[in-house]
Amino acid sequence: MSKGLKIILLWSLAFPAIITIGRMIIDFILGREMEFISYMAVFLGMGAAGLIFGGPLVYLVTKSKEGKY
């Protein structure tokens, strides 16, 4: 798997999962009502943002630091 694909997958799958799990833990600790739909919206929104903005942006920054771009 290429380095660029790994970076984009990280920002579109792993990062949103970590944020969503963190939000679930915070809601559990604070005693708030936990709804699956709200967490799914957070995950999908973060995943879309990571796929569109985060992944390609980080890939271009690392490539420019290497001097290959």
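In this text, all values refer to a predicted model and were calculated from it rather than measured experimentally.
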Taking transitive links into account, so neighbours of neighbours count too, which hydrophobic residues share a cluster with Ile26 at under 4.5 Å side-chain distance? Leu30
Under 3.5 Å, sequence neighbours excluded: what are the donor-acceptor pairs made by side chains of residues 42-56?
none

If the condition is side-chain contact (heavy atoms from CB on, under 4.5 Å), which residues does Ile25 pass it with, not counting sequence neighbours? Ile21, Ile29
Just to verify, what does Glu35 make a side-chain contact (heavy atoms from CB on, under 4.5 Å) with, not counting sequence neighbours? Glu33, Ser38
Residue pairs fulfilling ring pair (Phe, Tyr, Trp, His ring centres under 6.0 Å) with at least one residue in residues 13-42, sequence neighbours excluded: Trp11-Phe15
Is a side-chain donor or acceptor of Thr20 paired with a backbone partner of Ala17 at a separation under 3.5 angstrom? no
Looking only at heavy atoms, what is the nearest atom pair of Met34 and Met24, with distance? CE-O, 3.7 Å
